[in-house]
Amino acid sequence: MDTLLNAEERDFAQQMRQFYRTEIPEELRLKVATGQELTKEDMVTSQRILNQHGYAVPNWPVEWGGQDWTPVQRHIWLEEMQLACVPQPLPFNVSMVGPVIATFGSQEIKERFLPATANIDIWWSQGFSEPNAGSDLASLKTTAVRKGDKYIVNGQKTWTTLGQYGDWIFNLVRTDPDVKKQAGISFLLIDMKTPGVTVRPIQLIDGGHEVNEVFFDNVEVPVENLVGEENKGWTYAKFLLGNERTGIARIGGSKVNLARAKAYAAVTKTARGTLLDDPLFSARLTKIEAELTALEMTQLRILSTQAAGSDKPDPRSSVLKLKGSQLQEDISELLVDVLGPQGLDFVSDRVQGQGLSDLPNGAVDALPAYFNTRKVTIYGGSSEVQRGIISKALLGL
Amino acid sequence: MDTLLNAEERDFAQQMRQFYRTEIPEELRLKVATGQELTKEDMVTSQRILNQHGYAVPNWPVEWGGQDWTPVQRHIWLEEMQLACVPQPLPFNVSMVGPVIATFGSQEIKERFLPATANIDIWWSQGFSEPNAGSDLASLKTTAVRKGDKYIVNGQKTWTTLGQYGDWIFNLVRTDPDVKKQAGISFLLIDMKTPGVTVRPIQLIDGGHEVNEVFFDNVEVPVENLVGEENKGWTYAKFLLGNERTGIARIGGSKVNLARAKAYAAVTKTARGTLLDDPLFSARLTKIEAELTALEMTQLRILSTQAAGSDKPDPRSSVLKLKGSQLQEDISELLVDVLGPQGLDFVSDRVQGQGLSDLPNGAVDALPAYFNTRKVTIYGGSSEVQRGIISKALLGL
Amino acid sequence: MDLELNDIQQELSSTLNKYLRTEYDIAKREEILRSDEGISREKWQAFAEMGLLGLAIPESYGGADMTFNEVAVVAEAFGRSLVLEPFLATAVLGANAVLLGGSEEQKQAILPGVAEGQTFLALAALEPGLRYAVDAPQTQVSGADGSFTLTGEKNNVLGGDVADHFVVTASQNGELGLYLVAADAEGLTRVAQRQADGLGSANLKLDGVAAQRLDAADANAVLSEVLDLGNAAIMAEAVGALEASLTMTAEYLKTREQFGAPIGANQALQHRAADLYAELEYARSMALYSRLAVTSEVPGAEKDRHRDVIAAKIIVDRAARNISQESIQMHGGIGMTMEYPIGHYAKRLTVMTRTFDDADSLTAELAELGGLIEPQAADLS
Amino acid sequence: MDLELNDIQQELSSTLNKYLRTEYDIAKREEILRSDEGISREKWQAFAEMGLLGLAIPESYGGADMTFNEVAVVAEAFGRSLVLEPFLATAVLGANAVLLGGSEEQKQAILPGVAEGQTFLALAALEPGLRYAVDAPQTQVSGADGSFTLTGEKNNVLGGDVADHFVVTASQNGELGLYLVAADAEGLTRVAQRQADGLGSANLKLDGVAAQRLDAADANAVLSEVLDLGNAAIMAEAVGALEASLTMTAEYLKTREQFGAPIGANQALQHRAADLYAELEYARSMALYSRLAVTSEVPGAEKDRHRDVIAAKIIVDRAARNISQESIQMHGGIGMTMEYPIGHYAKRLTVMTRTFDDADSLTAELAELGGLIEPQAADLS
């Protein structure tokens, strides 16, 4: 990509590359590079270093810690972060609730939350999805009934990622049941320590605990925790979900994972050499490499259009989500197949002891990552939703 | 397959094999084997030999020349015919109009048409599809208005395969415009020499002339040419289309084409040996071979269920059509890729003369066949229609 | 031609499926999965009492003297209910290795215990760093004349966590042999593992472990046949799991509502489900094809047996991949949770298709064997 | 970063597309297709007058001294309208071979005629039996020092039916050379062919044909660059054809009614069309990627040029395959007729993607070149 950048952009890329590699502890980056699970502390540490240098929330308004960057710079910031295996700032803080507060919140609520959000002094959770409202988000049922200067919240949220660490949760709640479903929704901030809030883990088939259910049982929430206007929450949610799609192709991350699979294949022996020499494996790998390049060029083309002055949301970003998520899944499967039989056991450590050989690299994380990665074609607007958008917005069907 | 047959079935297969290879002229079979176009005479010759031996219309009632065969025998008859590259009896006669007349026609109409149909003294054409009624066949617009002892037919049919050779055409015509579309259709036989019938060729992208438009301009048709009852045509058409699906997987034909592609690949040189040794080509070939075997086993499983006594139409035959047609297309593409650059020119002869080498085997027909074969996922119930049937009948969606 | 199950097989299938529906439902399976051993010895006893474990073992060794066809019926039912106990390891791989390769004495010693549910077996054929290659193990044999010791390392030994005896592949002077090793033999270290699908396995370290040779037949031929039987059983099991997955997914599509209608009303999903159905039919057909290959009594058929089994597995693997991935996709997030069964099927299918080989290795091997049809063309001169 | 067309390119694109829409519509194209030569020399003159044929030729040889970027704009527009005249053969393959490999004299002799539309060129690089291999032709060279004769056979010479000069690959003592041969040279037999897509080509028999060597640069390097430029042009042309195909198909889905509704109301088709749109975007991206590769002036970039071009073509080929096949399928029967344009696009796309290579040969070659990314992993010790 470097050859496509102009001189300033190239300098900027160099600067970010240098920064990530010198300022973020190598031990954290190694965890990301090798598919290890990050602790809460790891993520907080990383984001605080970014924030100290003004790199945690570049997409926010400058007065709240953002950077007045071009779309290309924002891309470089993220791409280089992924390439350097730096833990990304928490999206719930940085891409979701932060921008909503900065755009729609009162001055008071901004001051109260934005600095703490950027510095991850508050760990935010997301309270959008409900058991019977997946892709059909607006049919949510959690209610917030106003009583004096409080809302009484009842209901259930689900798929709350890393909710076990959450300090606060931003919610879509139904404040008017008598109007069209989109028109009765509000955006409410809730302290998760409030009585009546219960977090219950959902165990996933990858063996990890990443998502949760959150229950609200007569939870009292001060009205000043409402963001913007009552019943305007759907507008804010759409704004937020638009932001969510940025960078969702995760090209840098896919490059790292693909390079890793390739490196493992190069040291995996077969009857005739290494797996990387195997014609069918290398053909499959090669096609994925070409495809990843196509994805990156598509992203750069969209950026170039933005850089040329267009600030309209680009429906081609649905192509990025559709194809980028599929590619993440394909790469995760590739890694599983590099491991072969030795990737099938559920193990937490490559070292077996007792005189047995260590397991090969990737044996711990390949298959769990394969199962975990199934989510990327489901969340953030499923592949089916993206196809619908493309067929409507780009083909007029 | 032979090992799955019982002793009598194996004898029967042997008998058919022997018959096809000794009684049908080798020159005809060679044409089929090498993708050459058959003339009308070729097809008539072949069908008459079959008919002489009672092998043209085994699916008909015995009194009209049929055979009292088991489903397995009928399968063997067809499979061995394809494997021996015998030109198949004309489906319009044998699988379409013949069974309709035999099942729904009056004794008089049976006597008038069935012997001539079996012996292809009448070459039948099919008048079903119309320009604006493809998959939605029942919305056809060609009208037949009764006037005294005649119908006056007006309208247009299309996709009439080999209509240029047609003596008679069997049509779906609208005899009652005032009822539900399916309820006003009749099944009418029309002599194509009648004034007002015009056949116009449709040129296809494969370079050939296989299908036609047929126009009816105040064509007078005697009422005795009606099959069965007026306005019951839709029932007969559904019966006919059910028959059409029999053998539509064309497994024997696919085997021959695949063996041919494989043989060519074995003599096609590459930088490192032959194309058959090329890892990517042979992987692609191998997968198609495995898939063809799966298709055949699926067909045999359905037959076995029938042989066990079930005579219900089996919705799994939609799987045969869906997968069998896709496989025919894949095999046609494989042959194109065996030819490589030398398959790209549109030529009618492998011999170039003037001191130039002959073109490789398949250079004449591979690419035209590839384009022609696009039809198989469109006609006889498109792949989309089959998916609809499967999802409804087999999955209950 | 008759490809239907016979009356006995139908009876076996329906009895067993009925038993499993009540006695091995999701909740009961979940309980077994959470237990220390990850299997139920009680259920294993029940299977033995139902005669499932000795189906293809001759009567003289306590079995029912039936064929692999009945074994496949059991495997399919077990796949449908995701049975965790080591049926494949013990009753297919282990028992057949002993049956085909063992002496009369060895068979008498081992097989009755298998049929009675007293003995777990496991085949130790894979080794670290050798991927799916099984014909030239690094594990070495010392000794001769009935007194052998083995030294080496084995991994991914399916059912090895609970096995009482292992059938171990090892080399002596470059020649492959199959050896019987007791689980409590001195010098044997077993590290129990749990596969991603919940089934047990083990890695083994052998350090001069005493072993008996199975030498009633050529070890290469025995190993090849055992693995072909194993793959045929895996395909039967896969068909059960695939059928359950697709049924469950279709059910979900019919009941789950989004935007005021069942998601199954979406034609895009209907058509994809139809493609999956076609894949399932293919898998059924090819599981049958492999069963016919391993049970054929036509003279000379063993020549094509391995070729036919791997051809079948190419198709079954693809069905497993597509149906397991699409089942989760169509369920959405819920499909990724342990609470909901569909993900468990996906896990079993994902592991199952990579147990002795994978899609690429099968394709390359079949190509090398020359494929399934003879190249021939009338116009080649 | 700026990946947009510049003002001149935009102007070129819009002028040319506008011209072709009226002057090269389906009916006019059909007429050309049916003519004896299968091309319109009048149109070719018009292209010359618009300056399209000498875009990347230096001014000193009568060209416009622009870059391949402008050539790609033309190729894309020509793809959109399925232009039949030999632009690729003459202005890309032939002209670049002479430009990169020819002496000053040779360039003076050939290139002005190309820019003016007076001269057709063709590259004769393929031979019977060699499939896509171009680096070791069987055609042999005799003679030395400016007096060469060629003997051999060439096939699939794109534009060879009308070429005035051929650039022919041939070997002397095992070394590759490029030779200029006049179409009317003695001993040259030309058999004109029509490709399935309607474009002209020829097979050549050379029997001691007089030829000039293009020896201003290493023939291997020149041929490699010419073919990379050719493939980059093919990709640009493919993008034009793909875009037209998908637009036409979407339009058909919107207007064609079945069962009382436009067939585009079927969600299954909508979703498949969306997948095709994504493929089209990929093709656009990779056509651009290849253009950047062949025009890069970064020092050392030529090292990666070929690798990047073939990587791009893997993606464009796949898009071409999927979009051409699905376009016909979605049109139904009408898509297979000569009367309706979509099939013509399918034919061009089918031929185009097999002109210098095919999907498998590209994949194998890219794998052999080591792919696009460096294998690296933090935890490899």
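In the text below, chain A, chain B and the rest are named by the order of the sequence lines, each starting its count at 1.
The candidate from Val319(B), Leu394(B), Leu30(B) with the greatest count of non-hydrogen atom pairs under 4.5 Å with chain C is Leu394(B). Interface check for chain B: of the options Gly371(C), Gly264(C), Ala312(C), the most heavy-atom pairs under 4.5 Å are formed by Gly371(C).
Nearest heavy-atom pair across Leu322(B) and Ala278(C) is CD2-CB, 4.4 Å. The shortest heavy-atom contact between Ile373(C) and Ala259(B) is CD1-N, 3.4 Å. Scanning all heavy atoms of the two residues, the minimum distance from Leu395(B) to Ala274(C) falls at CD1-N, 4.0 Å. Across all non-hydrogen atoms, the minimal contact from Ala273(C) to Leu397(B) is CB-CD1, 3.8 Å.
Under a cut-off of 6.0 angstrom, the local environment of CD1 in Ile8(C) is sparse, with at most 12 non-hydrogen atoms contributed by other residues, nucleotides or ligands.
For chain C, no part of Leu285(B) is nearby; none of its heavy atoms comes within less than 4.5 Å. Within the 4.5 angstrom heavy-atom criterion, only side-chain atoms of Ala308(B), from C-beta onward, approach chain C. In this structure, chain C has no heavy atom under 4.5 Å from any part of Leu292(B). The contact between Leu292(C) and chain B is made entirely by side chain atoms (from C-beta outward), counting heavy-atom distances below 4.5 Å.
Judged as a side-chain contact (heavy atoms from CB on, under 4.5 Å), and not counting sequence neighbours, the contacts of Val71(C) are Leu55(C), Ala56(C), Phe68(C), Phe87(C), Val92(C).
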Which N or O donor-acceptor pairs, by atom type, sit under 3.5 Å across chain B and chain C?
unit_1    : atom_1 : unit_2    : atom_2 : d
Glu9(B)   : OE1    : Met1(C)   : N      : 2.4
Glu9(B)   : OE2    : Met1(C)   : N      : 2.8
Ala259(B) : O      : Gln376(C) : N      : 3.0
Arg260(B) : N      : Gln376(C) : O      : 3.3
Lys262(B) : NZ     : Gly370(C) : O      : 2.7
Lys262(B) : NZ     : Ile373(C) : O      : 2.6
Tyr264(B) : OH     : Asp379(C) : OD1    : 2.8
Tyr264(B) : OH     : Asp379(C) : OD2    : 2.5
Glu289(B) : OE1    : Leu372(C) : N      : 2.5
Glu289(B) : OE1    : Ile373(C) : N      : 2.8
Glu291(B) : OE1    : Arg318(C) : NH1    : 2.8
Glu291(B) : OE1    : Arg318(C) : NH2    : 3.2
Thr298(B) : N      : Ser285(C) : OG     : 3.3
Thr298(B) : OG1    : Ser285(C) : OG     : 2.6
Arg301(B) : NH1    : Glu281(C) : O      : 3.3
Arg301(B) : NH1    : Glu281(C) : OE1    : 2.8
Arg301(B) : NH1    : Ser285(C) : OG     : 2.9
Arg301(B) : NH2    : Glu281(C) : OE1    : 3.0
Ser304(B) : OG     : Leu3(C)   : N      : 2.8
Ser304(B) : OG     : Glu4(C)   : OE2    : 2.7
Thr305(B) : N      : Glu4(C)   : OE2    : 3.3
Asn361(B) : ND2    : Asp379(C) : O      : 3.4
Arg387(B) : NE     : Asp275(C) : OD1    : 2.9
Arg387(B) : NE     : Asp275(C) : OD2    : 3.3
Leu395(B) : O      : Lys254(C) : NZ     : 3.2

